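Scroll down for the structure; my scribbles are underneath it.
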Protein chains: 2
Amino acid sequence: MSTREHLVTAAKELLWERGYEAMSPRAVLERSGAGQGSLYHHFASKAQLAATALDEVSAEMQRTMRAILHASKPPLERVRDFLLQPRDALRGCRLGRLTQEQVLAEEILRSPLSAFFTAAERELAAVLEQAQQEGSLAAAVNVADLAATLIAVVQGGYVLARALQDPGQMERAIRGALTLLDAIEREE
Amino acid sequence: MSTREHLVTAAKELLWERGYEAMSPRAVLERSGAGQGSLYHHFASKAQLAATALDEVSAEMQRTMRAILHASKPPLERVRDFLLQPRDALRGCRLGRLTQEQVLAEEILRSPLSAFFTAAERELAAVLEQAQQEGSLAAAVNVADLAATLIAVVQGGYVLARALQDPGQMERAIRGALTLLDAIEREE
DNA sequence: GTCTATAGCAGGATAGAC
DNA sequence: GTCTATCCTGCTATAGAC
């Protein structure tokens, strides 16, 4: 792995653990094993490094999401798989955790987040629409709204789990969502 | 208002706008109009000031929540009122926005958050249970899970709205939740 | 209880030798 | 491309006069 790659890897870890503002260049250098000057040799600024790291994270998360939502299973089962995906609730979402930082104002840093959430909503809505087409979901349901709701449950699950320092909060939020999903499923 | 109260008021505003780590003592002094030395005269540390401010915020939010959930209306209508409460989606939740900060490790700063979310879940679950007792909600539903889910939708709505810089995201997440709620409501 | 002054440190970034 | 050294700034906090 090149020095540049080591830097990006370290940045990805630190962004997850501490967020953007608390990720100091010093910490990146220590974790990556790179020497002092190298960060500003490879990147113009801390923001550029973080943007590179977040682009990779966003791409990884989109791939994971797609793998689950495009599996060869009935659509609502894929939606349940999305909800039941294992999550490290106390760590928080790698992208969602950054939404409260000042830095969101900078376009290069917000765009990986917006790319992920846009894609996630679109894909989830598409699967819900498949469910409607095969008749397992009532046609009256607005799939875009429901997709937003389900993604919000996950993101909110992280918030609750961290606020209460209890990963069980995520599980409860997800269980509740699954119950609601059962209620709108149409038996064939 | 005393200097101390001015300091706390300024801290409440800044915690909402910027979060804890980005709230500098300097900014608190400027906003409150207090002189340099006065912060550390009235408070032992920035953390103590923030803890005082967050305790007030938590108490205010609990009062608001209670006012909605204890209204004299049918229980599920109160739950809908909770979901439909006006929110400044792009600003974020005054407490939920702090869940990703390092500072959560400090007990005095986490406890206002944990107090609010614990109370919110308890109160919401109680109202859902009333709905079960009067027969408007299926008895099979786990009210604690559902309460966590609904609070998560709101918190996740903030995350989505900020990530996409679009307050409509909150509205969609809420609308989806209302649709799901309709589906489990039992007509009398 | 409030003021001015400043300590001590870490932040992001740069210079210039090698 | 990597190293050591260092700049400037803003942070949290303290000292001590008034």
Side-chain angles (χ1 to χ4, degrees), chain A residues 1-55 97-98 100-112, chain B residues 1-55 97-98 100-112:
Chain A
M1 219 169 25
S2 71
T3 298
R4 191 192 150 96
E5 288 168 323
H6 280 292
L7 289 167
V8 174
T9 301
K12 284 158 78 174
E13 292 173 14
L14 288 164
L15 285 167
W16 195 0
E17 289 169 24
R18 309 186 191 175
Y20 176 78
E21 274 142 35
M23 173 188 85
S24 73
R26 254 191 252 298
V28 174
L29 293 172
E30 280 168 22
R31 172 130 357 167
S32 67
Q36 263 262 357
S38 49
L39 198 164
Y40 290 97
H41 173 71
H42 292 285
F43 298 92
S45 64
K46 169 181 159 177
Q48 281 296 340
L49 167 61
T52 304
L54 290 179
D55 279 339
R97 70 151 295 155
L98 300 168
Q100 299 296 345
E101 306 218 24
Q102 299 295 115
V103 101
L104 220 65
E106 295 182 41
E107 177 54 24
I108 49 161
L109 289 166
R110 194 177 63 82
S111 82
Chain B
M1 222 173 16
S2 70
T3 298
R4 190 192 150 97
E5 287 168 323
H6 280 292
L7 288 167
V8 173
T9 301
K12 283 158 79 173
E13 291 173 14
L14 289 164
L15 284 167
W16 195 1
E17 289 169 25
R18 310 186 190 176
Y20 175 77
E21 275 143 34
M23 174 189 84
S24 74
R26 247 192 258 296
V28 174
L29 293 173
E30 280 167 25
R31 173 132 353 169
S32 66
Q36 261 263 355
S38 50
L39 197 164
Y40 291 97
H41 172 73
H42 291 287
F43 298 93
S45 63
K46 170 181 159 178
Q48 281 296 339
L49 167 61
T52 303
L54 291 179
D55 279 338
R97 69 152 295 152
L98 300 168
Q100 299 297 345
E101 306 217 27
Q102 299 295 117
V103 98
L104 220 66
E106 294 181 41
E107 177 54 23
I108 49 162
L109 290 167
R110 193 177 64 81
S111 83

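Values below: all heavy atoms of this structure, side chains included; hydrogens, waters and symmetry mates excluded. Throughout, protein chains are lettered first and strands after them, A, B, ... in sequence-line order, and every chain is numbered starting at 1. Since the model is a prediction, treat every value here as computed from it, not as a measurement.
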Rounding to a whole Å, what distance do you find between A:E21:CD and D:dG10:P? 16 Å
Any chance you could lay out the side-chain contact (heavy atoms from CB on, under 4.5 Å) test for B:L14 and B:Y20, step after step, and finish with the verdict? CA-CA 8 Å; B:L14 289 164; B:Y20 175 77; over 6 Å; no
Phosphate contact (C:dT2 OP1 or OP2) by B:T3 side-chain N/O below 4.0 Å: yes
Rounded to the Å, how far apart are B:F43 CZ and C:dG1 P? 12 Å
Going by modelled atom types, is there a donor-acceptor pair between the base of C:dG11 and the side chain of A:R26 at under 3.5 Å? yes
Distance check needed: C:dT4 C1' versus B:L39 CG, whole Å only. 16 Å
Under 4.0 Å between any heavy atoms, over every strand shown, what does B:G37 touch: base, sugar-phosphate, or nothing? Just pick one. base
N/O (side chain, A:S38) to phosphate O (OP1/OP2, D:dG1) under 4.0 Å: no
Here the distance between atom C1' of D:dC11 and atom CD of B:Q102, to the nearest Å, is 16 Å
Minimum-distance nucleotide (side-chain atoms of B:Y40 versus D:dT2, C:dA13, D:dT14): D:dT14
Nearest heavy-atom contact between A:A53 and A:L15 is CB-CD1, 3.9 Å
Heavy atoms from C-beta onward define the side chain here; which of C:dA13, D:dT2, D:dA13 lies closest to that of A:H41? D:dT2
I'd like to know if the side chain of B:S32 and the backbone of B:V28 have a donor-acceptor N/O pair within less than 3.5 Å. yes
Does NZ or CZ of B:K46 come closer than 6.0 Å to the centre of the six-membered ring of B:Y40, within 45° of the ring's axis? no
For A:L29 and C:dA10, what is the distance between atoms CG and P respectively, to the nearest whole Å? 16 Å
Quickly work out the A:L7 CG to D:dT2 P distance and round it to whole Å. 9 Å
Taken to the nearest whole Å, CZ/A:R4 to P/D:dT2 is 12 Å
Out of C:dT4, D:dT2, C:dT2, minimum distance to the side chain of B:Q36 belongs to C:dT4
Give the rounded distance in Å between these two atoms: NE2 of A:H42 and P of C:dA13. 16 Å
Backbone of B:E101 reached by a side-chain donor or acceptor of B:E21 within 3.5 Å: no
